[in-house]
Amino acid sequence: MNKTDFKIERPDFPEYSVNITEFGAIAYAYELEDSRNNAKAINNAMAAVSEKGGGRVVVPAGIWVTGPIKLMDNVNLHLEAQSVLKFSKNIEEYPLILTNYEGQECIRTVSPITADHVSNIAITGKGVIDGSGDLWRPVKQFKLTDRQWQERLRKSKHVIETKEGGIWMPTESVLKGNEKNIQKGEEDALKKAEKYYDFYRPVMVSLRYCNKVLLQETTFMNSPAWNIHPFFCTNLTVENVQVKNPYYAQNGDGIDVESCTNVEICGSTFETGDDAICIKSGKNAEARTFEGPCSNIYIHDCVVNEGHGGFVVGSEMSRGVHNVLVEDCTFMGTDVGVRFKSALGRGGVVENIEINNINMTNIKEEAVVMTMSYVLNSLNRNETIAKADEADVPYFRNISMSGIHCMGAGIAVKIEPLEGKAETISGITIKDSVFVASKETQIAGENVVIAGTEFK
């Protein structure tokens, strides 16, 4: 694979431009009515620009507290330097809806930023988008210092006790929702879920069925769940952005590219509470009822400072992942460097993946891991595998890596097919690489080739 193999169309906009203040937006205002007013102003500005044929909606320097906004055809939402879009958290503004999250249709609230079936759109500029995720997210006690934990308890006394310690809940609604988790299959599900509203925290930027999308230079931070979720998009460019969440942010993924085609992610920095750059394509049999592999993805010149995984495929990969090139990236202090994860029940094929010239340091667990046991630990594995339909069996194949330099990891390489099915991971090549790790490499699978590689 070569970078010239990837042809990603970028959006193009007329010179026309408006400022959100022209539509009544007010900076440095924090009341509910101000949030509604600014959301109305921004959405009206985008509608006006879209109706005129396209252009820029400018967010000037200042803090702009706002409710949910929708991107519209042919509009570039441009955040000038020193501007902050600070999203509120009000039930009145964020209704519950059916959407897609973690690979399946489920109940969530409306996202702070949504684009749905639109084309030729962008978020650009050196401003900041803050999703106020700290008002939504649970926090695990073991991820905090004692002082940080006590600070959480002063804000809310709602805690679930587990074997690993407490899980702090920002509100009683989150606590009770965690117990009930009402979802779409129940009668009047949306109405019932209102009682547990805070549990259904949204992704921050939801891009659904969009074409020609550009995210450029902006900082995306403090998301309620995933930061950026492109879903069935084509021609997506993510360039020179900063994506940030605290390391303790539950489900605080950087970007989850799901069932998208023609994607370039480059020059960007990720510091997240979960997987940083993640490729997905739906979960289990429900996802396989319609086509939609993630394909033609080019990722390069990115830095991941923190997160569960630097570059990740899965575990939701049931519609398949094909033709991905990752090169010239740096992962520092992540739990895992390169991570492929799936499980029995997912089905689907991940294939034709090339990963070159990756520098890693201080990786806590595996530098490279491919596992089919992501959610099988609590099951009777042999019985489950024996009863599985062939459509439920996932495959990783034709994956090559070269020029991987890892200066410190728990395990250098771990390759773990389904038990009794070595063929589920095959055609794996790792060459011309160096791994410094504490534990021995663990390799299974079929046709796994390690060449010109040092393990220290």
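Here, residue 1 is the first one in the sequence, and each next residue gets the next number.
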[X]: partners by salt bridge (charged side-chain N to carboxylate O under 4.0 Å, His left out), with sequence neighbours left out:
| X | value |
| --- | --- |
| K244 | none |
| K341 | D275 |
| R288 | D392 |
| D134 | none |

S318 side chain to A287 backbone, donor-acceptor under 3.5 Å: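 No, S318 side chain to A287 backbone: no donor-acceptor pair under 3.5 Å.
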- prompt: Counting N and O atoms only, with roles assigned by atom type, does the side chain of T162 sit under 3.5 Å from a partner on the main chain of G165, one being a donor and the other an acceptor?
  reply: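 Confirmed, T162 side chain pairs with G165 backbone.
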- prompt: According to the ring pair (Phe, Tyr, Trp, His ring centres under 6.0 Å) rule, which pairs have a member within residues 317-337, sequence neighbours left out?
  reply: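 Residue pairs passing ring pair (Phe, Tyr, Trp, His ring centres under 6.0 Å), neighbours aside: none found.
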field: Residue pairs, two or more places apart or on separate chains, that pass ring pair (Phe, Tyr, Trp, His ring centres under 6.0 Å) and touch residues 261-283
entry: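 The answer is none; no pair qualifies.
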Any [X] side-chain heavy atom under 4.5 Å of [Y] side chain:
| X | Y | value |
| --- | --- | --- |
| S259 | C294 | no |
| L85 | L79 | yes |
| K364 | H308 | no |
| I129 | F87 | yes |
| M372 | E416 | no |
| F220 | M204 | yes |
| F340 | V369 | no |
| M401 | V338 | yes |

- request: Just say parallel, tilted or perpendicular for the rings of F6 and Y298, cut-offs at 30° and 60°.
  value: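 Geometry flag for Y298 against F6: parallel rings.
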- request: Measure up the F232 and Y209 rings against each other and bin them: parallel (under 30°), tilted (30 to 60°), perpendicular (over 60°).
  value: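 Ring orientation, 0 to 90° scale: parallel.
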N227 side chain to T272 side chain, donor-acceptor N/O pair below 3.5 angstrom: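 The answer is no; no qualifying pair exists.
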message: Under a plain distance cut-off of 3.5 Å, with no hydrogens placed, do Y248 and R152 share a side-chain donor-acceptor pair?
response: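 Looking only at side-chain atoms, Y248 and R152 do form a donor-acceptor pair, the distance falling under 3.5 Å.
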query: Checking side-chain contact (heavy atoms from CB on, under 4.5 Å) for the pair I358/V326: CA distance, chi angles, key distance, verdict?
result: CA-CA 8 Å; I358 308 297; V326 183; 4.2 Å; yes
Is [X] salt-bridged to [Y], cutoff N-O under 4.0 Å?
| X | Y | result |
| --- | --- | --- |
| E194 | K191 | yes |
| R319 | E258 | yes |
| E164 | K143 | no |
| E33 | R36 | yes |
| D198 | K89 | yes |

Which atoms form the tightest heavy-atom contact between [X] and [Y], and what is the distance?
| X | Y | answer |
| --- | --- | --- |
| T171 | S156 | N-OG, 4.3 Å |
| S35 | S88 | OG-OG, 2.9 Å |
| N323 | M1 | C-SD, 4.1 Å |
| F199 | N181 | CE2-OD1, 3.2 Å |
| D335 | I363 | O-CG2, 3.5 Å |
| W149 | V139 | CZ3-O, 3.8 Å |

Only pairs under 3.5 Å count here: list side-chain donor-acceptor contacts from residues 42-54, not counting sequence neighbours, and write none if there are none.
{"unit_1": "N43", "atom_1": "OD1", "unit_2": "K70", "atom_2": "N", "d": "2.9"}
{"unit_1": "N43", "atom_1": "ND2", "unit_2": "A39", "atom_2": "O", "d": "3.0"}
{"unit_1": "N43", "atom_1": "ND2", "unit_2": "P68", "atom_2": "O", "d": "3.3"}
{"unit_1": "N44", "atom_1": "ND2", "unit_2": "K40", "atom_2": "O", "d": "3.3"}
{"unit_1": "S50", "atom_1": "OG", "unit_2": "D73", "atom_2": "O", "d": "2.9"}

message: Y247: which residues meet the ring-ring contact (aromatic ring centres under 6.0 Å, His included) condition with it, sequence neighbours left out?
response: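 Applying ring-ring contact (aromatic ring centres under 6.0 Å, His included) to Y247 gives none.
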- prompt: How far apart are the C-alpha atoms of T237 and V213, what are their side-chain angles, what is the distance that settles it, and do they pass the side-chain contact (heavy atoms from CB on, under 4.5 Å) test?
  reply: CA-CA 6 Å; T237 302; V213 180; over 6 Å; no
Does [X] have any side chain to side chain donor-acceptor pair (under 3.5 Å) partners at least two apart in sequence or in another chain, and if so, which?
| X | value |
| --- | --- |
| E161 | none |
| K280 | E316 |
| Y101 | none |

- request: Decide if atom NZ of K86 counts as having more than 12 heavy atoms of other residues, nucleotides or ligands within a radius under 6.0 Å.
  value: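 Counting other residues, nucleotides and ligands, NZ of K86 exceeds 12 neighbours.
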- prompt: Crowded around E92 CD? As in, over 12 foreign heavy atoms under 6.0 Å?
  reply: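 Correct, the count exceeds 12.
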Solution key, residues 103-110 side-chain donor-acceptor pairs under 3.5 Å, sequence neighbours excluded:
{"unit_1": "E105", "atom_1": "OE1", "unit_2": "K184", "atom_2": "NZ", "d": "3.3"}
{"unit_1": "R108", "atom_1": "NE", "unit_2": "R201", "atom_2": "O", "d": "3.0"}
{"unit_1": "R108", "atom_1": "NH2", "unit_2": "R201", "atom_2": "O", "d": "2.6"}

- request: Identify which one of R56, Q216, H78 satisfies the side-chain hydrogen bond (donor to acceptor under 3.5 Å, both in side chains) criterion when paired with T124.
  value: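 The passing option is H78.
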task: Can you spot which of I297, I299, V324, I255 makes a side chain to side chain contact (heavy atoms under 4.5 Å, CB included) with V263?
output: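 Going through the options one by one, the only one that passes is I297.
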message: Walk me through whether K140 and Q250 qualify under side-chain contact (heavy atoms from CB on, under 4.5 Å).
response: CA-CA 8 Å; K140 294 179 179 178; Q250 192 81 358; 3.3 Å; yes
task: Assess whether side-chain contact (heavy atoms from CB on, under 4.5 Å) is satisfied between F396 and E351, documenting all intermediate values.
output: CA-CA 6 Å; F396 298 157; E351 62 184 350; over 6 Å; no
